[in-house]
Amino acid sequence: MSTHRKRRKVSGFVLTGLLSMAMITTSCAPSMQGSKQKKKLNVPVTSYRFDTAGNMFAYSEFELSGEPMVESLGLNLDLLKPEAVDKPSRFDYTAGIESYEYSEEAMYEVVEKSGLGIHLVNGPMIQQLASAAGKNNRELLGERIKELAEQVGYPIEQIQQNMYPTVIEYSGGDPHYTQKVDTGKFADGEKGAYTPNYQVDFASLRWDRKKMEKTLIPSAYGSTFLKQALWAGDFLGGVHTKDKDEEKEATSSSDDKDPNIGLGVSSADGMQGMILAEEIWNKLAFIHENLFYNPQTGQLEKAQGSKYDPSKGLQYLPHEVVVDEKVDDLGANAEKLTVKNPSSDLQDQWMMLWPASEYFGVMDQRDENKNINPAFRALTDGKPFPSAPKENLDQDTDNDIDSTDPYSLNRGLLLQQFRNLQTMHWNEQEGIFVTKHDGKTQGKVFDPFQAGYTVESLRIFQRAYDGLPVGYASGEDAEGLKTEEGKQALAMIQKQADFILAKLIEKNGLVANGYEIGNGKVGGQPKLLAQIGAIRGLTAAYLATKDSKYRDAARKIYVAMDQYFWDPQLKTFRTEGNQAIYDPTIAGGVSAVLRLGLTSLMNTTSDSTKPKALQRKILKERYQDFYDHVIDGPSLTEGMQASEFWDTGDLYYEKDQSGNTDKDHVPQIQKGHGKYGISPILLPVEVKLNREK
């Protein structure tokens with residue numbers, strides 16, 4: 001059963017034409033966040049292009065490295081408050097507030113505020129429901145949102161205005177705002193703070209459509225799906241009382257039959273979870289109907305799903321599909337889809353397998369799964385989402401029937417992705433995952449980062465399909481179903497990990513940058529990303545198999561990485577040679593390995609060797625330094641985190657126009673990087689010593 005946050009806040013929801021109530025905010029004490037050290041560094045932004053895949057991947061790792069991590073380390077989450085900067089400790093605040101809330105708000109920027117994709121009003125399920133009801137899409141969406149609000153006990157008049165919910169997201173764009181952000185006062189808060197208008201009306205937070213990269217790349221819409229699935233699982237993993245809005249643990253799938261019980265861990269978070277689930281449902285339907293590619297015909301076609309047999313002809317998600325967009329009063333829609341790059345990329349495939357696995361743990365309706373959270377079962381009893389037909393709930397896929405319910409769509413995607421990984425990217429003879437397949441021929445290049453994350457994605461797949469807890473509880477032990485697919489996933493995990501141990505580790509303890517079939521290891525200066533991938537993959541193999549040799553190997557690689565790449569002057573890891581060039585993907589990977597260090601690889605009493613690098617105190621220091629110098633940066637114009645607002649303590653006061661009321665190094669959204677400001681997302685940077693005297 002997944003764990004849920006004890007600390008709750010009001011999340012943001014919006015729908016054109018509906019009113020909103022004020023959010024109550026509190027004041028915040030200033031913090032210099034280690035500024036004396038930061039003045040020694042320059043961390044300039046190197047590009048203002050928003051990379052959807054990298055950002056949403058990084059923020060997924062930031063989420064897991066946030067509240068779930070500090071709670072697992074023993075922190076009472078009730079002690080975390082945005083206004084209580086650096087309390088109860090600087091590490092706890094950085095992880096539990098900054099990492100966690102940066103992660104949540106960036107997701108909302110993409111799927112609710114920016115407009116970076118196709119509008120939910122044009123979603124396949126909205127269209128299907130509208131057609132069946134004899135209504136137009138806008139009317140149906142409004143009724144659908146009202147139905148979702150009733151299920152969680154959220155007042156319809158409190159839903160925020162001018163949301164831009166997405167069906168599926170584009171690959172990139174310009175994160176600068178195109179007009180003045182509406183920071184005018186909506187309502188008074190506490191201790192002199194106020195709620196700005198943009199927190200209840202998102203109209204001023206759009207991005208420039210002309211600068212959007214209107215392409216559909218699986219790693220972009222897949223990593224966004226991952227963010228949506230993780231947060232939906234958190235928000236909808238419990239129930240609450242409607243009269244007092246108190247969270248309760250679900251005891252059965254019929255708890256919500258009680259008129260005082262609402263779905264979701266709170267009214268507000270439940271509403272947000274429902275919106276995410278609605279977006280996911282339409283995304284799954286859009287992918288199923290439109291985005292699978294047949295290399296024999298060169299055409300996009302409807303997915304074969306759970307009945308897919310790759311031996312009878314491949315059908316997979318191609319790397320790049322261009323959208324000819326039509327924009328009208330109903331928002332953006334896809335008028336035409338054209339395959340630009342038909343190859344299959346390993347990154348695309350694991351970035352779709354992982355979220356589909358996470359969401360399978362939310363939508364699973366199999367009677368044989370005794371580990372499912374009853375709160376999740378309550379979602380699919382017809383209200384608010386339809387149940388799956390019984391034929392789709394057994395282990396036999398031959399008797400499956402077509403259905404557009406969320407479980408069936410997600411299960412079909414999950415199994416088709418898994419079979420394509422096996423067929424197109426897994427080389428059984430070598431025991432490796434290769435990075436490319438052109439639709440006819442498998443490639444020969446192995447990348448440790450991509451393979452390591454494929455192993456982690458397979459670990460989550462095995463847990464989900466075998467009925468084990470996923471989401472924040474993906475490390476918990478339980479009795480699984482031992483499915484054939486689960487056994488196949490474990491076999492690939494083990495064989496890939498064994499390859500890393502046998503053929504990839506150099507004499508200096510680091511991992512080679514890659515491997516090419518027929519030519520051996522890839523040389524050159526060691527790269528941080530390769531070490532991250534190996535540590536991620538080997539730790540996943542340990543968690544999946546319980547074989548300590550994988551943990552031992554991951555520990556040794558981490559120690560070698562720390563010794564080789566950590567720069568005491570830059571206060572972060574170098575990425576290659578003498579350079580520390582960070583993009584969101586590398587940042588997400590660093591967050592992940594530091595979390596794994598703190599939760600799985602740290603020194604224990606049973607370890608025969610106890611290197612300094614794996615002391616929890618040192619790991620926490622590395623985590624803190626990484627956030628201080630790379631993410632937040634040394635000044636308001638430097639660092640990866642482009643902006644922030646009240647979730648991380650930067651509150652609004654009428655007499656304070658600094659755009660930085662918490663006195664850290666991250667500006668408020670209207671003051672950051674540009675004429676009208678910039679979204680709270682990650683930008684690539686280079687970390688350098690300040691050579692100025």
Side-chain angles (χ1 to χ4, degrees), residues 57-58 60-61 64-65 219 223 226 345-354 357-358 417-418 421-422 425-428 430-435 445-463 470 474-475 486 488-506 509-515 521-522 526-562 565 585-586 588-597 599-601 614:
F57 160 76
S60 294
E61 294 289 24
L64 297 171
S65 297
S219 59
S223 58
L226 178 59
D345 279 22
L346 181 59
Q347 175 170 293
D348 290 335
Q349 306 310 321
W350 70 254
M351 274 198 179
M352 282 300 297
L353 182 71
W354 186 358
S357 301
E358 296 282 5
Q417 287 299 103
F418 177 67
L421 267 179
Q422 285 179 304
H425 291 278
W426 175 245
N427 187 303
E428 176 67 24
E430 296 284 343
I432 61 175
F433 288 101
V434 297
T435 59
V445 175
F446 164 88
D447 181 310
F449 181 82
Q450 301 300 340
Y453 268 95
T454 302
V455 170
E456 170 62 5
S457 298
L458 282 170
R459 180 181 80 88
I460 302 299
F461 167 82
Q462 181 265 322
R463 290 187 66 87
V470 292
S474 65
Q488 293 170 6
L490 285 171
M492 288 188 286
I493 287 171
Q494 188 168 353
K495 196 164 185 178
Q496 176 63 94
D498 288 341
F499 172 88
I500 295 173
L501 296 186
K503 295 188 178 181
L504 217 62
I505 300 175
E506 306 278 25
L510 297 173
V511 168
N513 291 330
Y515 182 88
K521 289 186 290 190
V522 175
K527 295 181 180 180
L528 179 64
L529 213 55
Q531 319 312 311
I532 289 170
I535 293 168
R536 198 72 167 94
L538 289 170
T539 306
Y542 162 67
L543 293 172
T545 67
K546 308 304 181 186
D547 191 330
S548 61
K549 73 179 180 181
Y550 300 128
R551 177 179 180 270
D552 293 341
R555 279 167 52 86
K556 290 177 182 177
I557 295 169
Y558 180 89
V559 171
M561 180 190 80
D562 188 80
F565 287 95
T585 299
I586 297 175
V590 169
S591 177
V593 296
L594 291 173
R595 179 183 74 250
L596 295 178
T599 58
S600 297
L601 305 178
L614 287 170

Go through the structure and list residues passing ring-ring contact (aromatic ring centres under 6.0 Å, His included) with [X], not counting sequence neighbours.
X    : result
F446 : F499
F449 : Y453
F565 : none
Y550 : none

To the nearest 0.5 Å, tell me how far [X] [atom1] sits from [Y] [atom2].
X    : Y    : atom1 : atom2 : value
T545 : L490 : OG1   : CG    : 8.0 Å
M561 : I557 : CE    : CD1   : 10.0 Å
S457 : W350 : OG    : CH2   : 5.5 Å
T585 : F57  : OG1   : CZ    : 6.0 Å
E61  : I532 : CD    : CD1   : 9.5 Å
E358 : I460 : CD    : CD1   : 5.0 Å

Could you list the residues that satisfy side-chain hydrogen bond (donor to acceptor under 3.5 Å, both in side chains) with [X], not counting sequence neighbours?
X    : value
R463 : none
D447 : none
D562 : R622
Q462 : D466

Mind checking whether [X] and [Y] have side chains closer than 4.5 Å, heavy atoms only?
X    : Y    : result
M492 : F418 : yes
D498 : Q494 : yes
R459 : S474 : yes
S357 : V470 : no
L501 : L538 : yes
L594 : Y558 : yes

Would S600 and T539 count as having a side-chain donor-acceptor pair, cut-off 3.5 Å?
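No, no side-chain donor-acceptor pair sits under 3.5 Å.
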
side-chain contact (heavy atoms from CB on, under 4.5 Å) assessment of Q422 paired with E428
CA-CA 9 Å; Q422 285 179 304; E428 176 67 24; over 6 Å; no

Holding to side-chain contact (heavy atoms from CB on, under 4.5 Å), I want the full list of residues that pass it with [X], two or more places apart in sequence or in another chain.
X    : value
A560 : L510
E430 : N427, I432, K503, Y515, I517
S219 : A53, I217, Q347, D348, M351
V455 : I493, Q496, A540

Please step through side-chain contact (heavy atoms from CB on, under 4.5 Å) for the pair V434 and V445, ending with a clear verdict.
CA-CA 5 Å; V434 297; V445 175; 6.0 Å; no

Could you tell me which non-hydrogen atom of S60 sits nearest to which non-hydrogen atom of S223, and how far apart they are?
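Nearest heavy atoms, S60 then S223: OG-O, 4.2 Å.
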
Closest contact, heavy atoms only, A534 versus I500
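So the minimum-distance heavy-atom pair works out to CB-CG2, 4.4 Å.
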
Please confirm whether the backbone N or O of L601 pairs with a side-chain atom of R555, one donor and one acceptor, at under 3.5 Å?
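Side chain of R555 to backbone of L601, a donor-acceptor pair under 3.5 Å: yes, one is there.
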
Could you check L421 against T454 for side-chain contact (heavy atoms from CB on, under 4.5 Å), going step by step and ending with a plain yes or no?
CA-CA 9 Å; L421 267 179; T454 302; 4.2 Å; yes

